[in-house]
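On a predicted model such as this, the values are computed, not experimentally measured, just so you know. Within every chain, numbering begins at 1; the chains are lettered A, B, ... in the order of the sequence lines, protein sequences first and strands thereafter. Heavy atoms only: backbone and side chains are in, while hydrogens, waters and symmetry mates are out.
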Amino acid sequence: MPELPEVETIVRAIRPALVGRRITGFEASWPRQVQPSVDAVRAALLGRRVQAVSRRGKYVVLELGGGAGLLVHLKMSGRLCVAEGHGQERPQHQRAVLRLSGGAPLRFYDARKFGRLRFAPELAAALSGLGPEPLDPALGPARFHAMLSARRRQLKPLLLDQSFLAGLGNIYTDEALFRARLHPRRSSAGLDARQARALLAAIRAVLLQAIACAGTSLDWIYPGGRMQARLRVYGREGEPCPRCRAPLRAQAVGQRTAHFCPRCQPAPRSRA
DNA sequence: CGCCATGTTAGAGG
DNA sequence: TCCTCTAACATGGC
């Protein structure tokens with residue numbers, strides 16, 4: 001479910017209630033979601049202090065000092081909140097609880113049980129497989145163009161590949177490709193410098209707008225966002241393109257559904 | 001009942 | 001080596 005803007009929004013929401021607290025307990029009710037194991041994670045966490053809460057790609061990172069940390073990936077339906085009770089959440093969907101000194105516990109809910117909690121002795125090593133952060137100023141247009149040119153993949157699946165670029169999911173890849181006027185099936189190696197620059201700018205613009213909107217809320221899984229009203233193509237097949245009025249289309253690309261304007265985003269001549 | 005879903009990954013095959 | 005696709009994870013909503 002959550003992509004970079006939603007995870008960023010969650011991190012900002014829970015950070016103030018976590019930083020500085022000491023961990024006094026950890027329980028999980030669906031053990032396969034916890035790595036390396038519930039007991040090992042509990043042993044590693046007890047007594048440690050949360051020094052910082054950050055985000056890397058779609059991971060929530062609880063930094064615990066000494067380079068160690070707890071990584072939380074929400075996958076399709078995971079949610080995090082700090083509260084004494086369940087509030088609006090369904091109690092039967094709570095999968096883990098992190099108890100903290102002097103404050104409410106951090107609760108992890110996940111209807112589909114795809115989410116993961118992982119203790120990492122070395123955060124840097126655990127996160128080393130991720131590509132660069134799209135909003136990192138160190139990622140310039142020239143480097144991005146070089147990254148694209150080094151691969152020969154369809155743009156849509158490449159942008160979804162977290163080892164290529166960290167944080168984009170199905171919604172924001174479609175939105176970025178539309179804004180850059182690039183067809184989702186175009187080959188990454190075929191872009192010129194100007195197109196690569198436009199794509200990077202489009203990715204950043206849509207992510208920043210989404211963060212400002214607290215993310216996208218399309219169903220019960222992620223409430224509170226306002227970006228859904230500003231999506232231009234995702235979930236809008238059949239509606240007129242906001243730019244040229246041609247009917248928007250939805251088509252499978254790399255096993256995911258891509259939404260795009262067939263006129264503003266002309267298809268590549270052959271395949272890929 | 002069947003199909004879809006904001007995510008990731010292991011494995012097969014080209 | 002690189003790319004693409006399938007299955008799997010597990011559940012809820014339509």
Side-chain angles (χ1 to χ4, degrees), chain A residues 1-10 28-35 55-60 71-80 89-95 108-118 126-127 129-131 147-177 184-190 203 206-207 209-211 213-237 250-259 268 270-272:
Chain A
M1 165 216 42
E3 306 182 29
L4 186 155
E6 290 75 31
V7 178
E8 180 65 29
T9 300
I10 290 165
S29 55
W30 194 256
R32 53 191 310 169
Q33 293 191 277
V34 181
Q35 296 159 344
R55 178 194 58 74
R56 178 75 172 91
K58 299 174 190 173
Y59 286 92
V60 177
L71 294 174
V72 182
H73 200 299
L74 302 171
K75 290 287 180 82
M76 292 292 275
S77 61
R79 311 174 57 159
L80 283 175
E89 305 289 340
R90 295 190 190 181
Q92 67 270 32
H93 286 165
Q94 177 174 291
R95 310 297 178 197
F108 173 68
Y109 300 86
D110 190 1
R112 290 173 67 177
K113 304 175 186 168
F114 284 178
R116 292 292 179 268
L117 307 181
R118 177 156 61 114
L127 297 169
L130 293 177
M147 286 165 56
L148 291 165
S149 301
R151 306 291 216 100
R152 281 175 184 276
R153 290 183 68 183
Q154 298 178 139
L155 286 174
K156 165 94 176 171
L158 183 59
L159 293 176
L160 286 170
D161 184 340
Q162 302 299 296
S163 70
F164 178 77
L165 191 66
L168 292 181
N170 211 27
I171 295 177
Y172 300 117
T173 53
D174 284 355
E175 294 297 313
L177 288 169
R185 298 180 65 108
R186 280 193 60 159
S187 171
S188 60
I203 289 168
V206 74
L207 290 178
Q209 184 183 26
I211 291 170
C213 289
T216 299
S217 295
L218 297 177
D219 58 30
W220 54 277
I221 289 174
Y222 180 85
R226 301 177 304 279
M227 184 66 186
Q228 58 278 13
R230 293 186 162 78
L231 298 179
R232 298 183 192 170
V233 290
Y234 182 85
R236 299 195 185 283
E237 60 268 31
Q251 184 182 106
V253 178
Q255 301 314 116
R256 306 298 300 278
T257 302
H259 308 75
S270 58
R271 46 182 74 247

| Stems formed with participation of DNA chain B [Watson-Crick or G-U wobble, under 3.5 Å, three or more pairs] |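 Expected stems, ordered by start: B:2-5 with C:11-14, B:7-14 with C:2-9.
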Classify the nucleic acid contact of [X] as base, sugar-phosphate or nothing, counting any heavy atom under 4.0 Å across all strands shown.
X        : value
A/Arg90  : sugar-phosphate
A/Arg152 : sugar-phosphate
A/Gly215 : nothing

Going from [atom1] on [X] to [atom2] on [Y], what distance comes out if it is rounded to the nearest 0.5 angstrom?
X        : Y        : atom1 : atom2 : answer
A/Tyr234 : A/Asp174 : OH    : CG    : 7.5 Å
A/Leu71  : A/Gln35  : CG    : CD    : 10.0 Å
A/Leu80  : A/Ile10  : CG    : CD1   : 6.5 Å
A/Gln228 : A/Asp219 : CD    : CG    : 10.0 Å
A/Asn170 : A/Lys156 : CG    : NZ    : 3.5 Å

Distance, rounded to the nearest Å, where [X] contributes [atom1] and [N] contributes [atom2]:
X        : N      : atom1 : atom2 : value
A/Asp161 : C/dT4  : CG    : P     : 11 Å
A/Arg79  : C/dG12 : CZ    : P     : 13 Å
A/Leu158 : C/dC3  : CG    : C1'   : 11 Å
A/Leu148 : C/dC2  : CG    : P     : 16 Å
A/Asp110 : C/dA10 : CG    : C1'   : 9 Å

[X] side-chain N/O to [N] phosphate OP1/OP2 under 4.0 Å:
X        : N      : answer
A/Lys113 : C/dC9  : no
A/Arg153 : C/dT4  : yes
A/His93  : C/dG12 : yes

| Which comes earlier along DNA chain C counting from the 5' end, the contact point of A/Arg32 or that of A/Arg151, where each point is its nearest nucleotide? |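 Final value for this comparison: A/Arg151.
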| query | Can you name the closest pair of heavy atoms from A/Val253 and A/Pro157 and give their distance? | reply |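 The pair with the smallest heavy-atom distance is CG1-CD, 4.0 Å.
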| Heavy-atom closest contact (A/Ser217 atom, A/Gly225 atom, distance) |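 The answer is OG-N, 2.7 Å.
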| query | Are A/Tyr172 and A/Glu6 linked by a side-chain donor-acceptor pair shorter than 3.5 Å? | reply |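 Their side chains do contain a donor-acceptor pair, which is all the 3.5 Å distance test asks for.
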| field | Among C/dT6, C/dT4, C/dG12, the one nearest A/Gln255 by side-chain distance | value |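 Of the options given, the side chain of A/Gln255 lies nearest C/dT6.
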| field | Separation between the P atoms of B/dT6 and C/dC3, rounded to whole Å | value |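 That atom pair is separated by 23 Å.
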| request: Spell out protein contact along nucleotides 4-9 of chain B as letters: B when the base is contacted, S when just the sugar-phosphate is, - when no protein heavy atom is under 4.0 Å; keep the 5' to 3' order. | output: -BBBB-
| Do the side chains of A/Arg95 and A/Leu117 get nearer than 4.5 Å, heavy atoms only? |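 No, every pair of side-chain atoms sits at 4.5 Å or beyond.
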